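No experiment lies behind these values; they were computed from the predicted model shown. Both backbone and side-chain heavy atoms feed into the values below; hydrogens, waters and symmetry mates do not.
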Protein chains: 2
Amino acid sequence: MQHQKLATIEDVAALAGVSIATVSRAINEPTKVADETRRKVTEAIARTGYTTNAMARSLRMRRSNMILILAPDVGDPNFSNILVGLETEASKRGYGVLIGNTQNDPARETDYLRFISSNQADGLILFTGHLPYGFGQDGTEGRLPPMVAVNEPVPNADVPYVGVDNFEGARIATEHLISQGHRRIAFVGRSGAREVNRLREEGYRKALAGAGISIDPRLIIDGDGTTESGRAAAELMFVRDALPTAFFCVNDATALGVIISLNARHYDLPRQFSIMGFDDISFSSFVTPSLTTMKQPRHRIGEAAMELLLELLAGEKPHEQQILLRAELIVRNSVTRFG
Amino acid sequence: MQHQKLATIEDVAALAGVSIATVSRAINEPTKVADETRRKVTEAIARTGYTTNAMARSLRMRRSNMILILAPDVGDPNFSNILVGLETEASKRGYGVLIGNTQNDPARETDYLRFISSNQADGLILFTGHLPYGFGQDGTEGRLPPMVAVNEPVPNADVPYVGVDNFEGARIATEHLISQGHRRIAFVGRSGAREVNRLREEGYRKALAGAGISIDPRLIIDGDGTTESGRAAAELMFVRDALPTAFFCVNDATALGVIISLNARHYDLPRQFSIMGFDDISFSSFVTPSLTTMKQPRHRIGEAAMELLLELLAGEKPHEQQILLRAELIVRNSVTRFG
DNA sequence: ATCATTCATGAAAACCTTTACATCATTGCA
DNA sequence: TGCAATGATGTAAAGGTTTTCATGAATGAT
């Protein structure tokens with residue numbers, strides 16, 4: 001350990017000729033200390049290069065000023081942009097962020113809980129859509145640490161949630177297609193398992209109902225949100241021979257799959273088919289045709305979630321149990337007028 | 001603070017009828033304790049739900065088992081994939097990772113150093129390409145904490161480095177173009193500032209020299225690695241009217257810009273121009289034409305860097321001061337035979 | 001002048017571990 | 001049997017803060 005011994009609060013106290021209590025106060029509650037003493041302390045700190053030992057402080061105060069972020073896939077671009085918002089807000093308030101990549105592995109989820117139970121983290125941001133395995137079981141219910149769910153809500157547990165308004169966004173997206181004259185609109189990416197997909201499907205249905213368009217079940221295709229599932233879904237439509245004039249895809253990754261499939265079949269996009277995505281991930285503007293989609297305010301989502309969590313940590317009752325941010329329609333080239 | 005008071009080592013000791021020292025040993029050095037006592041302790045731990053307080057332990061042991069990762073842009077896809085490797089390896093060895101988004105802001109970099117100086121992190125992974133502002137100045141040189149640079153080497157400081165072999169990768173990429181019959185090959189993305197760009201340009205030059213092709217300075221264009229810079233570079237070539245048959249781009253983002261520009265001018269790719277990238281970021285396979293590129297072993301880079309850092313922390317001399325991993329040629333559709 | 005407040009400071013406890021050292025019992029060997 | 005060596009456990013110190021409570025000085029009011 002090359003790290004030579006660091007100055008402690010005692011060194012500062014000695015140099016300033018005061019007690020350690022005074023030094024501590026001079027740092028944390030400057031008004032409670034006489035001007036002159038404060039000056040001496042400040043100088044002593046500068047001279048010794050003192051910086052307070054976070055471990056000792058955390059031990060004493062029983063809080064670490066750390067937030068644990070649990071995500072199934074840290075590499076996911078949708079995640080990493082929200083992370084920026086989370087980190088920005090946390091660091092602004094003096095908190096650090098610890099990240100845990102769970103890969104949906106129960107063992108890893110449980111393992112990460114040690115950060116909470118050992119006081120290494122004060123709160124939790126959850127991207128997983130469920131309580132970490134090991135929580136909420138065996139009556140430990142009451143002990144849940146402060147936490148906020150992002151992106152995927154947590155069913156059957158009242159965990160505050162921050163995310164985009166999927167229902168409303170999907171409705172707007174579908175209405176945009178309708179406004180362009182489309183009436184046979186497919187929904188690609190139905191899923192019983194994922195809440196997000198379900199909400200987007202609801203929005204889609206709502207828009208169609210609102211326009212008096214009846215739903216053709218053959219135009220609703222399952223998918224898990226991957227590019228591959230989008231490709232497969234498009235292929236399936238050709239097999240079934242029930243074709244839409246527009247595809248509303250549950251997310252951009254899926255939309256990309258649809259585009260790849262249609263391009264491979266040498267259709268002229270968007271003249272022959274319109275495609276609408278959801279998310280606005282980075283490459284959506286680069287695909288050909290560039291993707292018309294609903295943009296998630298990712299940075300803002302991260303900020304809002306962290307704000308909410310910090311409120312919780314401060315002991316305040318959260319303003320609201322759920323914050324839904326609006327998605328914004330981004331018009332590019334993949335949707336065009338029909339008829 | 002709903003968190004009811006947690007069990008301490010004393011509670012366990014009392015329940016097991018032993019001293020706290022014995023409990024500590026039973027946990028950390030099980031062999032040093034009699035079988036029977038160990039059993040009693042284990043049971044007491046289970047009964048109390050005890051988990052050791054990381055703060056107290058860290059305070060005492062003067063190490064936090066945390067690694068701080070400093071990156072200019074946490075949202076960057078190239079970063080986030082390496083992060084997965086870093087995190088995987090760290091968590092395997094019982095370390096947590098703390099992330100700091102510096103945005104190249106000196107103030108933020110300095111701020112993050114408090115994690116190091118306050119013992120909240122034992123080591124540092126650096127993506128920034130330079131020592132954090134506030135380090136290495138004023139003779140504090142000797143105090144540098146254990147750290148490893150990733151992606152961007154740190155000039156003028158012997159910081160161990162892990163990254164892809166940019167020179168060799170660029171050479172292989174360029175040779176691939178040459179092998180396809182290209183002789184007028186542009187290099188897009190020269191930069192005086194970025195070491196990575198410089199190395200890739202060197203590899204490019206080496207390959208041309210090796211094939212006895214003289215370099216046309218008009219085919220070497222500046223760029224900062226963004227998609228926009230790629231677009232601008234392509235446009236510039238048309239203005240200059242010195243056209244290549246193939247573009248070797250310093251990275252995939254740049255290549256994408258070139259493709260966008262050429263597509264906009266309605267060239268038939270790859271028939272009229274070949275494009276080669278570097279990095280293999282996620283959307284490279286989805287662009288039209290899909291991008292032939294050099295794939296960075298991102299996950300492996302993360303793992304190797306973390307391994308190296310943990311070795312350093314364990315006090316071992318690192319095997320090597322620099323680990324260069326090979327980039328792999330990924331052949332897709334953007335490069336085709338010329339002539 | 002007296003007394004109650006207020007203000008600035010200090011002493012010491014508490015936060016929860018790990019570990020050096022001491023103690024005592026047991027074992028092994030001559 | 002006697003003594004050294006080994007093994008298991010306990011006591012107490014140390015790690016560096018924050019904060020309660022006590023103390024004493026200074027201020028203000030009567």
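Distance, A/Met55 CE to D/dA14 C1': 17 Å, rounded to whole Å. For the pair A/Glu36 CD and C/dA8 C1', the interatomic distance rounds to 13 Å; values are reported in whole Å. Atom CE in B/Met61 sits roughly 7 Å away from atom P in C/dT18 (whole-Å rounding). Taking atom CD of A/Gln120 as the reference point, atom C1' of C/dC15 lies 16 Å away to the nearest angstrom. The distance between atom CD1 of B/Ile45 and atom C1' of C/dT17, rounded to the nearest whole Å, is 13 Å. Taking atom CD1 of residue A/Ile27 and atom C1' of nucleotide D/dG16, one finds them 12 Å apart after rounding to whole Å. In this structure, B/Leu59 atom CG and D/dA14 atom C1' are separated by 9 Å, rounded to whole Å. Regarding A/Asn119, its CG atom lies at a distance of 13 Å from the C1' atom of C/dT17, rounded to whole Å.
B/Arg194 has a carboxylate O that lies under 4.0 Å from a charged side-chain N of B/Glu152, or vice versa, which qualifies the two as a salt bridge. Comment: B/Arg108 does not engage B/Asp111 in a salt bridge, judged by the lack of any side-chain N to carboxylate O separation of less than 4.0 angstrom. The pair B/Arg39-B/Glu36 meets the salt-bridge criterion, since a charged nitrogen lies less than 4.0 angstrom from a carboxylate oxygen.
Checking the phosphate oxygens (OP1, OP2) of C/dT18, a side-chain nitrogen or oxygen of B/Asn28 falls inside 4.0 Å.
When every heavy atom of A/Ala71 is checked against every heavy atom of A/Phe79, the shortest pair comes out as CB-CE1, 3.5 Å.
Panel note: side chain A/Glu109, backbone A/Tyr133; a donor-acceptor pair is recorded below 3.5 Å. Counting only distance, with no hydrogens or angles, the side chain of B/Asp11 and the backbone of B/Thr8 share a donor-acceptor pair below 3.5 Å.
Applying the 3.5 Å distance criterion, the base of D/dT18 shares a donor-acceptor pair with the side chain of A/Arg60.
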Show, in sequence, the C-alpha distance, side-chain angles and deciding distance for B/Glu43 and B/Lys40, and conclude whether the salt bridge (Lys or Arg N to Asp or Glu O under 4.0 Å) test is met. CA-CA 5 Å; B/Glu43 190 193 312; B/Lys40 283 191 298 189; over 6 Å; no
Which nucleotides of nucleotides 5-10 of chain D have their base under 4.0 Å from a protein heavy atom (B), which only their sugar-phosphate (S), and which neither (-), written as one string 5' to 3'? ---SBB
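B/Thr52 comes within 4.0 angstrom of the backbone, heavy atoms only, and of no base. A/Thr8 comes within 4.0 angstrom of the backbone, heavy atoms only, and of no base.
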